Amino acid sequence: MVETTYTEELIHRLKTGEISPEEHLEEKLDTIRSRDSELNAFITVTEELARKLTQKAAEAIKEGHGELFYGLIWGIKDNFALKGVRMTCGSKMLEHYVPPYTATPVERILENNGVIVGKLNMDEFACGSSGETSYFGPTRNARDPERVPGGSSSGAGAAVAAELVDLALGSDTGGSIRNPASFNGVVGLKPTYSLVSRYGLADLAMSLDVPGPLAQDAFGIALAMEAIQGYDSRDRVTAHRRLPFLDSLDSFDPDRTRIGFTEALLDGVEPAVRKATLHVLKFFESKGTEIVEVELPDIWAAFPTYYLVMYPEFASAMQKFDGLKYGHRVDGQTLYDTVARSRAEGFGKEIKRRIIMGTYISMAEHAGKWYTLALKARSMIQRSFQRALERADFLLFPTVPVLPFKLGERINDPVQMYMADALTVPANLTGMPAISFPGGWKDHLPIGVQLLGNHFQDHFIVSAVRFFEKEGRPWSE
Amino acid sequence: MGITREELLHVAKIARIELSEQEIEELLPQFNEILSLLERVKSLPLSDETTIKTTENMDEFREDRVAPFEDPDAIVEQFPRREGRLAKVPRNL
Amino acid sequence: MVRIGFEIHVQLKTDSKLFCSCSTRFLDAEPNTNVCPVCTAQPGSKPEGINEEVLRKAVQVALALNCKIKTEPLRFLRKHYFYPDLPNNYQRTSEPFAVEGELNGVRIREIHIEEDPGRYELRDGTVDYNRAGVPLIEIVTEPDMHSVEEAREFLKHLRAVLDYLDVILYPQIGFRVDANVSIEGGERVEIKNINTIHGVVKALRYEISRHKRMLQMGKEIKRETRHWDEVRGVTVTLREKETAEDYRYMVDPDIPPYHIDPALIEELRAKMPELPFQKKERLMEQYGIDESTAWTLVLDKELGNLFEALAKSVGAKNAASFCTNLRGELNYRGIYLSEVPRRERLEKLAKLYFSGQITKPVYIEYMRKILDDPSFEPQAQEQLSDDEIREIARQIIEGNAAAVSDYKRGEKKAINYLVGQIVARTKGRADPKRAIQILREELERA
């Protein structure tokens, strides 16, 4: 049994003055200097800003109100706006873009004495599951630099795992928090859609995007969520709710919990991933949790449905990049040429692919066929998950069907690459919360296991992970 | 099923993305492969329901109150080409 | 048969924009000062909630146009097209919230809410986003008008309704009109973005005669969109239907749908101000004026107000005559009374005239000056001194021997004729009482 976990321990030391925020920052800056040339987790390091914020946090601690973060070091995925610090979204299009405002979740981190040390690398405009599509070069896996870190919050996953930062803010549209959490062996929560404000998060697909944290442990996730959750008048879809993440962190009761499981969710999954998943399932069972067989007959449809929903929303969101107001500009003879060339030069392959797919699907002659189909399929998947969660408190299944693969292995095969999202997209399509945590290791490679709960049960699945951290042990071969 | 070269160019035009010859060659087969993958959704026993509840906030308004943005200059500074405070853009459509 | 229909865009009078808290006052602001991350589509920004006042004003208009208000949740759509004045390269536009209305015998098909784009000066190649996000309603009519005159009447009535509701952001801008017109045997042609009622009338006249000419020459009238060139007074092809944009409409996932609360509808119905039709009825009854005069007065809101103010001071009959003259002068200038600065000068003018302090030719001259010169101030005419009147009286007596001898023979009425001569000669600058007295004195002497 584990007494205390990484983030919990660190907060304790900062709070009691055993270590000062200044010392802590310097330690992190040293680690960044020594490791990031290899990992490429950062696009921009904000050393000066971090020192200022650290001073502020130190003063707050002295005055007895250093909560919630007491100077913990944060990295922010580079698709969140922080006023005055460039936001690239991993794209040439925004290589020199400096946002005039700050995203709500970032503002809330600052208000709670978080120290932002930089902006993290990511797949271009969050389009990717391998961390390889960034204009600023691929990020590398913190556990094995030959392998991909997962994506799109690639820098976030690697930076937390390599201890370059204590906490990271990521965004999840089809698995972009959970996938790199899984590949780097850390914890990542995709919150219920609408629990965290998207104001200042560059759009990928508006009905799916949600900001969320990555951390070493469930405690870090709970702490981060306490700060960033809740209603924001600048993002009108946010719910008027706050969930008791810290208060319920240690209240998981295995005897009064039912876990939903189905073999359908292990279909086509690599053997090691399967073993790790079943290992975690057995752990909970051994603690008295009831395992309930659920049915998800149409689970295979989640992945094509996701793409049908995402493409048109993405194409719509990307219309704004025209080189006229901000971003990369190529001057042409006409307005048309200027816009078409700015976009051709500013966007990478995958972005162009998605915009063109999305434009095609949403064109008048196809919309009836494709977009309506997508909405119907999405409703259906939502209903089947709701039915499954009537019988269970959460579902347990792998985060990614495969282990971290080598850089360059899949980058030229978009369909193969898309397959990696098969098990993460259901949470986005249904709006439900899902958390990925290390459930096993094959040699040095981590295996993420995922818990998917009902809407606004985020704190509950976090407490289940906390329980596993304290009472269980990851599978290893 | 499938998309022709002409259709692809038409879509790219609507999407305002200039494609190189190489990109067209690469995109065509990928486009069709992805479309046939998405086609599979059609085999689902779908009902007509298309309502997806993504928010609890129906019927919420904003009060009509002016709160000027504190730094419009920071927006102007991002214009790639400028003429005074105006964004400079081409004159020919 | 001619068929004319309209799409009318009205900028609504609210303090803040449709989806953000920037000021709507784009006219006098420095370029790109009333802007924020939302209305300039900075990456990551999201629309704030729908401005409540926009909805209230929109519903007021719908009620005044006798529309049915929809009860199902209203959604905003994204209408995609690339244009430099459209920061997102899509325009947020609501589904119709009101349908099946009627005004002046013209059916209203639907009304919806949308955001105005910024201002792209094509000639300079510059963009100002101050206007981007200003709330608009678009009122769509059925093609129920069959002549240019009917079309003009409809627009005048609509403008009056909007003025009575006080919902227009800038009265000097008014509204923008897209007109569609077809004649028997031809396709429907749309003329985009006409800024004044006067412009609509000219554009329609031009377009209808163009259609007639085309048909006479055996040419086909194609379905197309045209642009009204105000300077040259012609319409020119903008685009043909084949190349029309594909707007790829999509529900905006960032704007939660909303139901228009029936309680709000009832509240607004109860608070509805007097509308032109009602005011016309009241003026006829209260002041005993005829229907055509009453319409003239009420179709310009400020003119109707001026009439009621003047009716108290100079009487209803005089007030009506004054306002009818004024309407003629305003029409000649193609403006509404609200566009005239320092309108209190007109009240002063009416009082001067109807108290006999100025003559009719002066009154008309002054009325024109008030409309054309904001600094002009109407004054009672300067009165001639007794000596000046005496000099003129002597000349009149000399020149009218017959009348003078009549007077001397005891025909006291002859003096009226002589006074009339003095008034005419002095153009009213002689006080009639003084003139009679001086005239008598001079007659005695003569």
Side-chain angles (χ1 to χ4, degrees), chain A residues 83-84 97-98 100-101 193-194 207 233 236-240 298 300-301 304-305 307-308 315 322-329 331-341 343-344 347 349 352-353 355-357 359-360 363 370 372-380 382-383 414-415 418 431, chain B residues 3 7-20 23 26-27 30-31 33-58 60-63 69-81 87-93:
Chain A
K83 185 175 160 70
Y97 174 69
V98 180
Y101 74 112
Y193 183 84
S194 81
S207 75
S233 65
R236 287 290 165 142
V237 306
T238 48
H240 293 267
D298 31 23
W300 62 268
T305 300
Y307 279 88
L308 277 177
D322 54 14
L324 303 183
K325 307 166 291 283
Y326 44 71
H328 188 70
R329 164 84 156 256
D331 286 302
Q333 284 295 313
T334 62
L335 193 66
Y336 179 93
D337 285 344
T338 301
V339 174
R341 280 183 208 156
R343 287 163 70 83
F347 293 146
K349 259 186 205 177
K352 292 184 204 177
R353 191 150 50 212
I355 291 174
I356 289 174
M357 290 295 313
T359 303
Y360 177 82
M363 274 162 63
W370 289 109
T372 316
L373 182 72
L375 296 179
K376 284 182 187 172
R378 187 176 178 183
S379 298
M380 182 174 159
Q382 198 161 32
R383 274 199 311 277
V415 171
Y418 291 176
Chain B
I3 181 172
E7 281 177 297
L8 178 68
L9 289 177
H10 177 61
V11 179
K13 198 174 163 189
I14 291 178
R16 293 289 193 284
I17 294 178
E18 203 174 70
L19 291 176
S20 69
E23 283 175 313
E26 227 178 82
L27 256 172
Q30 286 173 350
F31 202 100
E33 189 185 354
I34 293 167
L35 275 186
S36 64
L37 190 83
L38 302 186
E39 282 261 286
R40 287 166 49 193
V41 176
K42 287 185 180 165
S43 66
L44 284 173
L46 295 172
S47 68
D48 275 342
E49 194 189 334
T50 57
T51 47
I52 293 123
K53 200 178 136 222
T54 53
T55 175
E56 305 175 316
N57 303 358
M58 298 276 277
E60 273 188 20
F61 296 115
R62 180 173 58 82
E63 200 188 326
F69 178 58
E70 68 277 6
D71 197 358
D73 291 358
I75 291 172
V76 172
E77 279 158 24
Q78 291 302 310
F79 296 159
R81 309 277 181 272
K88 188 84 183 143
V89 304
R91 284 187 298 188
N92 307 321
L93 296 176

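Below, read A as the first sequence line, B as the second, and so on, with proteins coming before strands; counting in each chain starts at 1. If you're wondering where the values come from, they're calculated on a predicted model, not measured in any experiment.
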What option among [options] has the most heavy-atom pairs under 4.5 Å with chain B?
{"options": "A/D322, A/L308, A/I355", "value": "A/L308"}
{"options": "A/M380, A/R343, A/K83", "value": "A/R343"}
{"options": "A/K325, A/Q333, A/R383", "value": "A/K325"}

For B/E39 and A/W370: C-alpha separation, side-chain torsions, deciding distance, then whether side chain to side chain contact (heavy atoms under 4.5 Å, CB included) applies. CA-CA 9 Å; B/E39 282 261 286; A/W370 289 109; 3.6 Å; yes

When you measure from the side chain of B/Q78 to the backbone of A/Y97, do you find a donor-acceptor pair of N or O atoms at a distance under 3.5 Å? no

Just by distance, do the side chain of B/R16 and the backbone of A/A344 share a donor-acceptor pair under 3.5 Å?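 Pair absent, no side-chain N/O of B/R16 close to backbone of A/A344.
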
Taking B/L27 as the fixed residue, which of A/M357, A/K349, A/K352, A/R353 is the one that meets the side-chain contact (heavy atoms from CB on, under 4.5 Å) rule? A/R353

Using the rule side-chain contact (heavy atoms from CB on, under 4.5 Å), only one of A/T334, A/D337, A/T338, A/V339 pairs with B/P90; which is it? A/T338

Rounded to the nearest 0.5 Å, what separation is found between the [atom1] atom of [X] and the [atom2] atom of [Y]?
{"X": "B/N92", "Y": "A/Y336", "atom1": "CG", "atom2": "OH", "value": "15.5 Å"}
{"X": "B/I17", "Y": "A/I356", "atom1": "CD1", "atom2": "CD1", "value": "5.0 Å"}
{"X": "A/T359", "Y": "B/K13", "atom1": "OG1", "atom2": "NZ", "value": "14.5 Å"}
{"X": "B/R40", "Y": "A/W300", "atom1": "CZ", "atom2": "CH2", "value": "6.0 Å"}

Greatest number of non-hydrogen atom pairs under 4.5 angstrom with chain A, of B/D73, B/D71, B/L44, falls to B/L44

Find the one option among B/R91, B/H10, B/E26 whose heavy-atom pairs under 4.5 Å with chain A are most numerous. B/E26

Start with the C-alpha gap between A/Y360 and B/L35, add the side-chain angles, then the distance that decides, and say whether side chain to side chain contact (heavy atoms under 4.5 Å, CB included) holds. CA-CA 10 Å; A/Y360 177 82; B/L35 275 186; 3.8 Å; yes

Residue part contacting chain A, namely of [X], when any heavy atom lies under 4.5 Å:
{"X": "B/P45", "value": "both"}
{"X": "B/E77", "value": "neither"}
{"X": "B/K88", "value": "backbone"}
{"X": "B/S43", "value": "side chain"}

Tell me, with the steps shown, if A/R329 and B/R81 meet side chain to side chain contact (heavy atoms under 4.5 Å, CB included). CA-CA 9 Å; A/R329 164 84 156 256; B/R81 309 277 181 272; 3.4 Å; yes

Locate the shortest heavy-atom distance separating A/L324 from B/P80; write the atom from each residue and the value.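 Here A/L324 and B/P80 meet closest at O-CD, 3.3 Å.
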
A/A377 and B/V41: which non-hydrogen atoms are nearest, and at how many Å?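 For A/A377 and B/V41, the tightest heavy-atom pair comes out as CB-CG1, 3.6 Å.
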
If you apply the rule side chain to side chain contact (heavy atoms under 4.5 Å, CB included), what do you find for B/I34 with A/Y307, and how did you get there? CA-CA 9 Å; B/I34 293 167; A/Y307 279 88; 5.8 Å; no

